[in-house]
Colleague: 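I'd like to ask some things about the structure below.
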Amino acid sequence: MYLNKLQLWNFRSYENLELLFPDGISILYGENGQGKTNVVEAIYLLCTGRSHRTNREHDMIMLDRPWTRVRAENLQKDGKHTVDMVMARGQKKRILVNGLAISRISEILGQLSGVIFSPEDLDLVKEGPQKRRRFMDIELSQVSKNYFYALNEYNKVLEQRNSLLKETVNTSSLEVWDQMLATKAVPIIKARRDFCSRLEPKARENHKYLSSGKEELFCFYKDCAQGKENIEETLLEALYKSRETDIKRAFTTIGPHKDDIVIKLGETDLRYFGSQGQQRTATLALKLTELDLMHEDLGEYPVLLLDDVLSELDERRQQMLLEKIKGVQTIITVAQKTDHFKNINANYFEVQKGKVFKR
Ligand SMILES: Nc1ncnc2c1ncn2[C@@H]1O[C@H](COP(=O)(O)OP(=O)(O)O)[C@@H](O)[C@H]1O
Ligand SMILES: [Mg+2]
């Protein structure tokens, strides 16, 4: 896949921008606050339908403007695709895929595919489970609409069950929701188990490459059905057992919305006992694996977005990363154009106050 054109109108600091990206590596450089992340955000928005840095959609509309429009043109194995999104204040966003209006946000998935690696991802291993669940959910949703639907369905039931728990609880109606929740959890747990079993060997290989260490990386899905085959019954039983706690806390304390990926280096659980360096190396290995898995699922590489993370890696890892992404269209943002890039054949863009200049 190759993103060749991005157009923005009234998008954050850009009044009007048309950017033609070459294949290969593009480096956007410029001082802080000039608009580098805004470009990355717009691309990712068209990949997933959502911003990676805000849930408040209207923040993306340029101040004092009534609407914003973001459009991308990309080339895939099967030809040219366009995605177009319009967000106006006080209205639902509108999306056109290949010129046709779509009614379900899910239809945007698979049109433009991307993997992002930004400063918020650097603590993927260290932070709470929510980040790791998101890691799985975003990747799985981009390659499978069924997963996206299943997750939405599950979340709807979860919300209902939680709101019931906040009221005076009637046990028999809770039973109905328990059953629904357990049923809806099955495809999610299965897909995530499968994802993690594919993730592990590749992440281990990538980790070996990045660390040249002796210790091996392990990662597995720690799920609420304890890895058992009969997911539905196991979860139902667990929900029954946690019923009192759930009522007391007015919240569903067990289910795939609480699951995690455990990441170990040898015997060491990296989240709790890893050094920052070990955690970062594992994170980078996992992100590279995300790229590999998407490549496997889509039959082509997604666009890789590296927002401000290169400077967070030591020089050796930077070189290894750049080596590894040969053949992947990559958009990199950096504050300074440094010597690190002197050996790579890249295209440069300078970002200055909401304008981008090809250098
Ligand atoms: N809705 C908006 N309208 C106008 N300007 C915005 C909006 N949102 C963000 N900005 C501006 O965008 C700039 C930040 O851009 P960003 O891409 O994060 O910079 P960086 O180059 O550091 O990545 C800031 O100057 C900010 O004022
Ligand atoms: Mg930035």
Side-chain angles (χ1 to χ4, degrees), residues 3 5-21 25-72 84-95 112 114-124 127 131 134 138 280 283-284 287 303-313 317-318 321-322 325 329-338 340-341 346-359:
L3 165 69
K5 187 156 91 178
L6 178 73
Q7 287 169 285
L8 308 177
W9 294 267
N10 298 336
F11 185 84
R12 291 205 184 264
S13 51
Y14 295 96
E15 185 164 32
N16 191 341
L17 177 75
E18 177 173 306
L19 259 180
L20 296 175
F21 286 108
I25 297 179
S26 297
I27 295 174
L28 270 60
Y29 66 95
E31 285 173 19
N32 275 336
Q34 300 300 307
K36 302 182 296 295
T37 302
N38 294 345
V39 171
V40 170
E41 182 183 34
I43 298 171
Y44 202 63
L45 174 69
L46 295 175
C47 294
T48 61
R50 298 180 52 174
S51 162
H52 72 291
R53 59 174 177 180
T54 182
N55 287 325
R56 303 193 315 176
E57 258 169 26
H58 291 163
D59 284 1
M60 291 181 275
I61 303 175
M62 188 176 223
L63 291 174
D64 303 325
R65 300 295 164 98
W67 54 268
T68 180
R69 179 173 168 206
V70 186
R71 182 177 189 275
D84 213 317
M85 191 184 285
V86 179
M87 294 181 283
R89 297 191 195 277
Q91 287 177 26
K92 264 183 76 179
K93 66 176 170 245
R94 282 181 296 141
I95 303 170
L112 176 66
V115 166
I116 193 168
F117 192 15
S118 70
E120 295 89 61
D121 299 310
L122 284 167
D123 293 326
L124 179 69
E127 280 196 20
K131 277 226 161 138
R134 215 176 119 79
I138 288 183
R280 291 264 163 102
T283 298
L284 183 57
K287 292 303 286 188
V303 179
L304 176 63
L305 305 164
L306 300 176
D307 186 24
D308 239 357
V309 286
L310 223 49
S311 57
E312 298 288 335
L313 303 171
R317 281 181 187 76
Q318 287 184 10
L321 176 62
L322 294 172
I325 59 174
Q329 187 188 21
T330 306
I331 295 164
I332 300 177
T333 76
V334 287
Q336 266 148 12
K337 195 175 156 188
T338 56
H340 298 133
F341 306 115
N347 293 277
Y348 295 90
F349 298 88
E350 185 170 3
V351 183
Q352 235 176 28
K353 288 193 195 147
K355 290 208 162 38
V356 180
F357 305 94
K358 179 101 177 56
R359 298 290 189 223

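Just follow the structure's listing: the first ligand is 1, and inside any ligand the first atom is 1.
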Colleague: Among all residues two or more places apart in sequence or in another chain, which pass the side-chain contact (heavy atoms from CB on, under 4.5 Å) test with Glu31?
Modeller: Gln34
Colleague: Hey, is the main chain of Arg65 close enough, under 3.5 Å, to the side chain of Arg89 for a donor-acceptor pair?
Modeller: yes
Colleague: Measure the distances from the heavy atoms of Gly35 to every atom of ligand 1 and state whether one is below 4.0 angstrom.
Modeller: yes
Colleague: Nearest protein heavy-atom contact for atom 4 (C) of ligand 1: which residue, which atom, what distance?
Modeller: Arg12 O, 3.2 Å
Colleague: Have a look at ligand 1 and work out which part of Glu31, if any, has a heavy atom under 4.0 Å from it: side chain, backbone, both or neither.
Modeller: backbone
Colleague: For Arg56, give me all partners under side-chain contact (heavy atoms from CB on, under 4.5 Å), at least two apart in sequence or on another chain.
Modeller: Thr54, Asp59
Colleague: Looking at residues at least two apart in the chain, or sitting in another chain, which of them share a salt bridge (Lys or Arg N to Asp or Glu O under 4.0 Å) with Arg134?
Modeller: none
Colleague: If you have a sec, work out which protein heavy atom is nearest atom 13 (C) of ligand 1 and how many Å separate them, to one decimal?
Modeller: Gly33 O, 3.5 Å
Colleague: Identify the protein heavy atom lying closest to atom 12 (O) of ligand 1, giving its residue, its atom name and the separation to 0.1 Å.
Modeller: Asn38 ND2, 3.2 Å
Colleague: So do the side chains of Gln352 and Phe357 get within less than 4.5 Å of each other, counting heavy atoms only?
Modeller: yes
Colleague: Taking only heavy atoms of Asn32 into account, list the atoms of ligand 1 that are under 4.0 Å away from them.
Modeller: 22 (O)
Colleague: Taking the Mg ion (ligand 2) as the centre, count the protein N/O/S atoms lying under 2.8 Å from it.
Modeller: 1
Colleague: Taking heavy atoms and a distance under 4.0 Å, where does Asp59 meet ligand 1: side chain, backbone, both or neither?
Modeller: backbone
Colleague: Heavy-atom distance under 4.5 Å between the side chains of Leu306 and Thr333, does that happen here?
Modeller: no
Colleague: Please answer whether the main-chain N or O of Glu18 pairs with a side-chain N or O of Gln7 as donor and acceptor at a distance below 3.5 Å.
Modeller: no
Colleague: Do Trp67 and Trp9 have side chains that approach each other closer than 4.5 Å (heavy atoms only, starting at C-beta)?
Modeller: yes
Colleague: Short check: is a protein heavy atom less than 4.0 Å from atom 27 (O) of ligand 1?
Modeller: no
Colleague: Under a 4.0 Å heavy-atom limit, does Ile61 contact ligand 1 with its side chain, its backbone, both, or neither?
Modeller: backbone
Colleague: Taking the side chain as everything from C-beta on, heavy atoms only, tell me whether Phe349 gets closer than 4.5 Å to Leu19.
Modeller: yes
Colleague: List the closest protein heavy-atom neighbour of atom 11 (C) of ligand 1: residue, atom name, distance to the nearest 0.1 Å.
Modeller: Ser13 CB, 3.9 Å
Colleague: Which part of Arg65 is near ligand 1, with near meaning a heavy atom under 4.0 Å away: side chain, backbone, both or neither?
Modeller: neither
Colleague: Looking at atom 3 (N) of ligand 1, what's its closest protein heavy atom, distance included?
Modeller: Leu63 N, 3.0 Å
Colleague: May I ask you to test the Ile325-Leu322 pair for a side-chain heavy-atom distance under 4.5 Å?
Modeller: yes
Colleague: Heavy-atom distance to atom 18 (O) of ligand 1: which of Glu15, Gln34, Arg53 wins?
Modeller: Arg53
Colleague: Does a salt bridge link Glu41 with Arg53, judged by any charged N lying under 4.0 Å from a carboxylate O?
Modeller: yes
Colleague: Between Lys358 and Tyr348, is NZ or CZ placed under 6.0 angstrom from the six-membered ring centre and within 45° of the ring axis?
Modeller: no
